[in-house]
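Residue numbers begin at 1 in each chain, while the letters A, B, ... track the order of the sequences. Because the structure is a prediction, the values reported are computed rather than measured. When reading the values below, keep in mind they use all heavy atoms of this one structure, side chains included, and skip hydrogens, waters and symmetry mates.
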Amino acid sequence: MTLEAFQNMVFPVKNKLYRFAFRLLGNNEEARDVVQEVMIKVWSGREQLGRVHNLEAWCMRITKNLSLDRLRQQQRRPTDSLDQGMHVVHHSLTPADAAELGERMERISKWMAELPEKQRQVMHLRDIEGYSYNEICEILELDMSQVKVYLFRARNAVREKLLKTDAYGLA
Amino acid sequence: MDLHEVERLLEKYWQTETTLEEEQQLRAFFTSGQVPDSLKDAAALFAFFQKEKSKGLEQNFESTVTNKLKSRHRGKLISMIGFGNMARIAAGIVVVVASTFLIRQEIRKRYPAEMQDTFTDPQLAFEETKRALQMISDSFDKAKKEASKVQLLNEAEKKIQAKKEGDKINL
């Protein structure tokens, strides 16, 4: 495989890989390093790419594994720098509404970061990246029922917190 | 999409029963800016998802990775690995040869080989040598006698063979 063909196949998914690594690691630099590592790994194993059924899902799986390896090495939870501020640009919103929406989004970001690892992974892949259940199963090496259970729990954990915040103003 | 339909889809969403298309409809609705106050929480959630999806790597990421991949391509990783292995084997051989040589030297220093005469009188030495040679000669003679028995057996076998062939002709 030529370098150009490789670039055309793998570079288009770089942002998805980065966002997933960032969701798992919570650190921009580390997420960037992981994506680089994934690219180098895939390039080194380019002779076997013919056997890969879904290249994007495969790259996402490598990203997950490398990110989790890093977390295990450091033995930490990825909450360090997830909160990067939610600046909302909705032209139809008043500045006050935009600020309120920004605050809500920041709270949601925090809740999502607090979810158990698998729930967070599934919610990210489905609700942010828009992957099908089959693709999520392939990326996370889980079966369909597990994926649905994790997603149900993740969505409901966020929903409960949203309801609590509305009812009591608790963050 | 009317509000009733949005609420129905949202309930399906919380129950993890929505399809990807239905989730896309919800995303489109909640990020349109035309959201009633009663659904502000859900709007914040979908706005958060959209915001997260817009994150990506910086512009120079591709060129950085390309340079790394090119340097790997040029460097012929396989030949480097081959050279490394050869160097390791060569180093191993050198270590083994050098240590064998040194150990041998050490042993020679500690235990020098000494030539010692067993007899002081030349006449006695001559007699002893003669006796040893005589013993070898006797052994040869004995072996020769035994070998002649084998010759006798061979001759007998030939005679039997000849007799058998004569009998066959007579018949």
Only one of A:Val122, A:Val149, A:Leu151 passes side chain to side chain contact (heavy atoms under 4.5 Å, CB included) with B:Thr16, and that residue is A:Leu151
Measure the spacing between CD of B:Glu17 and CZ of A:Phe152 and express it to the nearest 0.5 Å.
-> 8.5 Å
For the pair B:Val65 and A:Phe11, evaluate side-chain contact (heavy atoms from CB on, under 4.5 Å) and give the outcome as yes or no after the intermediate values.
-> CA-CA 10 Å; B:Val65 171; A:Phe11 279 179; 3.9 Å; yes
Pair B:Lys68-A:Trp43, side-chain contact (heavy atoms from CB on, under 4.5 Å): steps then yes or no = CA-CA 10 Å; B:Lys68 286 197 173 180; A:Trp43 173 246; over 6 Å; no
Does A:Arg155 make a cation-pi contact with B:Tyr13 (under 6.0 Å, within 45 degrees of the axis)?
-> yes
What part of B:Thr19 lies closer than 4.5 angstrom to a heavy atom of chain A: side chain, backbone, both or neither?
-> backbone
Shortest non-hydrogen contact from A:Ile128 toward B:Lys53 = O-CD, 3.0 Å
Residues 130-141 of chain A: residues contacting chain B (heavy atom under 4.5 Å, by number) | A:Gly130, A:Tyr131, A:Ser132, A:Tyr133
In terms of hydrophobic clustering (I, L, V, M, F, W, Y; side-chain heavy atoms under 4.5 Å; direct or indirect links), are A:Ile40 and A:Val42 co-clustered?
-> yes
Steps toward side-chain contact (heavy atoms from CB on, under 4.5 Å) verdict (B:Phe61, A:Gln36) | CA-CA 9 Å; B:Phe61 178 81; A:Gln36 266 193 29; 3.6 Å; yes
Is it true that atom CD of B:Glu157 has more than 12 heavy atoms of other residues, nucleotides or ligands lying nearer than 6.0 Å?
-> no
A:Arg159 side chain to B:Trp14 backbone, donor-acceptor under 3.5 Å = no
Measuring from A:Met105:CE to B:Phe49:CZ, what's the distance to the nearest 0.5 Å?
-> 10.5 Å
Near B:Lys40 NZ, under 6.0 Å, is it more than 12 heavy atoms from other residues, nucleotides or ligands?
-> yes
Just do the side-chain contact (heavy atoms from CB on, under 4.5 Å) check on A:Arg23 and B:Glu52 with the steps written out, would you?
-> CA-CA 10 Å; A:Arg23 178 73 47 209; B:Glu52 289 299 297; 2.5 Å; yes
Are A:Val13 and B:Leu20 grouped together when hydrophobic residues (ILVMFWY) are joined by side-chain heavy atoms under 4.5 angstrom apart?
-> no
Is B:Ile160 linked to B:Leu152 within one hydrophobic cluster, defined over Ile, Leu, Val, Met, Phe, Trp and Tyr using a side-chain heavy-atom separation of less than 4.5 Å?
-> no
Distance (rounded to the nearest 0.5 Å) between A:Asp127 CG and B:Gln50 CD | 13.5 Å
Might you point out which heavy atoms bring B:Asp41 and A:Ile108 nearest each other, and give the distance in Å?
-> O-CD1, 4.4 Å
Minimum heavy-atom distance B:Ala44-A:Arg104, with the two atoms named | CB-CB, 3.5 Å
Pair B:Thr66, A:Gln7: side-chain N/O donor-acceptor within cut-off below 3.5 Å = yes
Do side-chain atoms of A:Arg19 reach the backbone of B:Lys55 as a donor and acceptor pair under 3.5 angstrom?
-> yes
Any chance CD of A:Glu4 has more than 12 other-residue heavy atoms, nucleotides or ligands included, within less than 6.0 Å?
-> no
Electrostatic pair A:Lys14:B:Glu62 at N-O distance under 4.0 angstrom | yes
If one checks every heavy atom of B:Gln15 against chain A at 4.5 Å, the contacting part turns out to be both
Per-residue tally against chain B (heavy atom, under 4.5 Å) across A:Arg32, A:Lys16, A:Glu129, A:Met123 peaks at A:Arg32
